[in-house]
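Right, one structure below, let's go through it.
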2 protein chains.
Amino acid sequence: MQLWYAKCMGSRDFRQYCGLARALELVGERWGLLVIRELLARPCRYTDLRESLPGIPTNVLSARLKELEEAGIAERLLAPAPQRGVVYALTEAGRGLEPAVLALARWGSTQLGAQQPGELVPASTLALTLRAVFNPDAAHGLNASWEIRTAGIALYATVSDGQLATGVGSAPGEPDLVIAVQADEVPTFREILQAAGEGKAELTGRQDLLATFLRCFAPPRA
Amino acid sequence: MQLWYAKCMGSRDFRQYCGLARALELVGERWGLLVIRELLARPCRYTDLRESLPGIPTNVLSARLKELEEAGIAERLLAPAPQRGVVYALTEAGRGLEPAVLALARWGSTQLGAQQPGELVPASTLALTLRAVFNPDAAHGLNASWEIRTAGIALYATVSDGQLATGVGSAPGEPDLVIAVQADEVPTFREILQAAGEGKAELTGRQDLLATFLRCFAPPRA
DNA sequence: CTGCATCCACTTTGATACTG
DNA sequence: CAGTATCAAAGTGGATGCAG
């Protein structure tokens, strides 16, 4: 291309030998980390991402996916057996972003304030919040799995030997306890905990695991 | 004239009730977290920031500072005693970003590769790297302070009862050990460790604390 | 349908010049 | 020292087009 083009592309770089600067060059652009949030919760098709990220222009989504793929953070896969088409998933390097995403999400949660009208709660946010508030001490040596159903979405949390896995959709395998919360819009995590704590959730399965759930996922004292 | 657009469109809100989304709205714009990196290492005047962030347009720096101030993340203070003028510093909320910044920096460090010609190492990056690689176990109960001098910059690391503080500039109080490394350009953290480990650094003070330093700040095994 | 590409209005950025 | 002003270029948001 032309000289000015090369020069300006270079200006997307910060020209600093710094881990933070490199991270921001790779995933710091608009919508970048939100795409990664979705992919942390499950492999996604293009259309899943568009639905989970209302407001993202399709060309921007397209561009971000291309960049993430080139950077080795995400990969484009042919969807397995029953479906067909394309799915995007994180690579090992991409999954390495989880601690950073959780740390940002924890800080941002302190800045959230009250839910504004028109602000939706993405299902992936709930899956991530489960990881963000997880208390490993309370789950030491535990084996259990839960599925939360509300407002037409499902998410799961599985603890194997104290190790947590969460995601959007149904758990791989039967959940030990299904927690169903009636709602029109996706509720906040706080609202889910409250409903479960107050007995307003419909429980299916090992009901004794409700208390365990509340212990493992109690958010930090406010 | 479509003022109706201006409201919905130019708005940088993601319209999601999500900690990650809120964090990105507040500090996710270009240069935002790099400004915060500088302020994590020391209070800065406007000119300090311009010098530490070569390439940042002055109007963008101006805009970011205004946004950070409005968000309650940074504050504009009158410089104390000897100097005068303005300094910017993080608020309590701003300092809360440290875990997220460190997590991003740790991930980005794995993506750094070799230093490219023209890529500088900001002093604030070294101060942050000290925190990122700090090994609290190795420093349990320790009291010690170091100052690193190289290529015209200084940074310090102070451990009080095992608690770490680092920053750009001279330590508050006399450092127990000064580690001076000859260099024209600011070296990488790896290069500093290597020079210190190979006896190529000039030591002033309690030389026995060199081994302690290397133990406390050994980067994760590669 | 899915998975993008293209067009266009508008915004933000980057580079430079300038001021109290 | 601590910013503002200006302007071209790149990026974003929104709508639409279109092939498989």
Side-chain angles (χ1 to χ4, degrees), chain A residues 1-16 24-25 27-35 38 43-69 74-79 82-89, chain B residues 1-16 24-25 27-35 38-39 43-69 74-80 82-89:
Chain A
M1 289 272 187
Q2 299 168 24
L3 184 60
W4 58 262
Y5 183 74
K7 192 181 175 190
C8 290
M9 281 309 284
S11 78
R12 269 185 64 166
D13 288 358
F14 290 109
R15 304 265 168 195
Q16 300 185 353
L24 294 172
E25 287 165 6
V27 298
E29 283 180 274
R30 194 157 167 77
W31 296 102
L33 281 175
L34 294 184
V35 170
E38 294 303 317
C44 291
R45 356 178 89 212
Y46 194 86
T47 316
D48 294 332
L49 292 167
R50 272 179 48 177
E51 286 170 11
S52 305
L53 300 170
I56 191 172
T58 71
N59 55 345
V60 171
L61 175 55
S62 194
R64 292 295 163 271
L65 287 170
K66 226 164 274 172
E67 292 156 14
L68 293 177
E69 203 185 340
E75 52 190 345
R76 199 176 186 275
L77 303 170
L78 293 182
Q83 315 116 4
R84 61 202 148 165
V86 181
V87 285
Y88 292 90
Chain B
M1 187 48 120
Q2 290 129 353
L3 268 177
W4 180 81
Y5 264 2
K7 275 227 163 172
C8 297
M9 226 183 99
S11 120
R12 304 173 315 205
D13 282 6
F14 290 109
R15 305 262 164 195
Q16 301 186 351
L24 294 172
E25 287 166 4
V27 299
E29 285 180 275
R30 198 158 165 76
W31 295 102
L33 280 174
L34 293 184
V35 170
E38 294 303 317
L39 297 180
C44 291
R45 6 180 91 215
Y46 194 87
T47 316
D48 294 332
L49 291 167
R50 274 179 49 177
E51 285 169 10
S52 305
L53 300 170
I56 191 173
T58 71
N59 55 345
V60 171
L61 175 55
S62 194
R64 293 296 162 270
L65 287 170
K66 228 165 273 173
E67 291 156 15
L68 292 177
E69 204 185 339
E75 51 190 346
R76 199 175 184 276
L77 303 170
L78 293 182
Q83 315 118 5
R84 61 203 150 170
V86 182
V87 286
Y88 292 90

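- Using a 4.5 Å cut-off on side-chain heavy atoms (C-beta onward), A/L34 and B/L24 make contact.
- As a whole-Å value, the separation of A/Y46 OH from D/dA19 C1' is 14 Å.
- Atom pair B/R15:CZ and D/dG14:P shows a separation of 10 Å (rounding to whole Å applied).
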Expected list for residues 60-67 of chain A: side-chain donor-acceptor pairs under 3.5 angstrom, two or more places apart:
unit_1, atom_1, unit_2, atom_2, d
A/R64, NE, A/R30, O, 2.8
A/R64, NH1, A/E67, OE1, 3.2
A/R64, NH1, A/E67, OE2, 3.1

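- Summarising the geometry, the separation between CG on B/L61 and P on C/dT13 is reported as 12 Å, rounded to the nearest angstrom.
- You'll find the side chain of B/V27 reaches within 4.5 Å of the side chain of B/L68, heavy atoms only.
- In this structure, CZ on A/R50 lies 13.0 Å from CZ on A/R45, to the nearest 0.5 angstrom.
- In this structure, the nucleotide among D/dG13, D/dA5, D/dA2 sitting nearest to the side chain of B/T58 is D/dA5.
- Atoms CH2 and CG, on A/W31 and A/L49 in that order, are 11.5 Å from each other to the nearest 0.5 Å.
- OP1 or OP2 of D/dG3 sits under 4.0 Å from a side-chain N or O of B/R76.
- Contact annotation: B/R64 side-chain N/O to C/dT13 OP1/OP2 distance is under 4.0 Å.
- The listed nucleotides are C/dA5, C/dG3, D/dG13; the one nearest the side chain of A/T47 is C/dG3.
- Taking the side chain of A/R50 as heavy atoms from C-beta on, and the options C/dT13, C/dC4, D/dG3, the nearest nucleotide is C/dC4.
- Following rounding to the nearest Å, A/I56 (CD1) and D/dT12 (P) show an atom-to-atom distance of 10 Å.
- Distance CG (B/D13) to P (C/dT12): 12 Å, rounded to an integer number of Å.
- We find that CZ of B/R30 is positioned 9 Å from C1' of C/dG14, with the value rounded to whole Å.
- Remark: P of D/dG11 and CD of B/E29 are 15 Å apart, rounded to the nearest angstrom.
- Between A/K66 and C/dG3 there is no side-chain N or O to OP1 or OP2 distance below 4.0 Å.
- Within the helix from C/dC1-D/dG20 to C/dG20-D/dC1, the inter-axis angle between the opening and closing five-pair segments is 30°, rounded to 10°.
- Nucleotides of DNA chain D nearest to A/N59 and B/L65 differ in position, and the one nearer the 5' end is that of B/L65.
- Listed pair B/W31 / C/dG14 meets the phosphate criterion, a side-chain N or O lying under 4.0 Å from OP1 or OP2.
- Below 30°, between 30° and 60°, or above 60°: for B/Y88 and B/Y46 the angle between ring planes is between 30° and 60°, a tilted geometry.
- Taking both residues in full, the closest heavy atoms of B/R76 and B/V86 are given as CG-CG1, 3.5 Å, listed atom of the first, atom of the second, then distance.
- The shortest distance between the side-chain N/O atoms of B/Y88 and the OP1/OP2 oxygens of D/dG3 is below 4.0 Å.
- Here D/dT4 is the nucleotide among C/dT13, D/dC1, D/dT4 with the atom lying nearest to any side-chain atom of B/S62.
- Separating the CD atom in A/E38 from the OG atom in A/S52 is a distance of 4.0 Å, to the nearest 0.5 Å.
- Nearest nucleotide to the A/P57 side chain, out of D/dC1, C/dA5, D/dG14: D/dG14.
- A straight line from CG of A/L53 to C1' of D/dT12 spans 15 Å, rounded to a whole angstrom.
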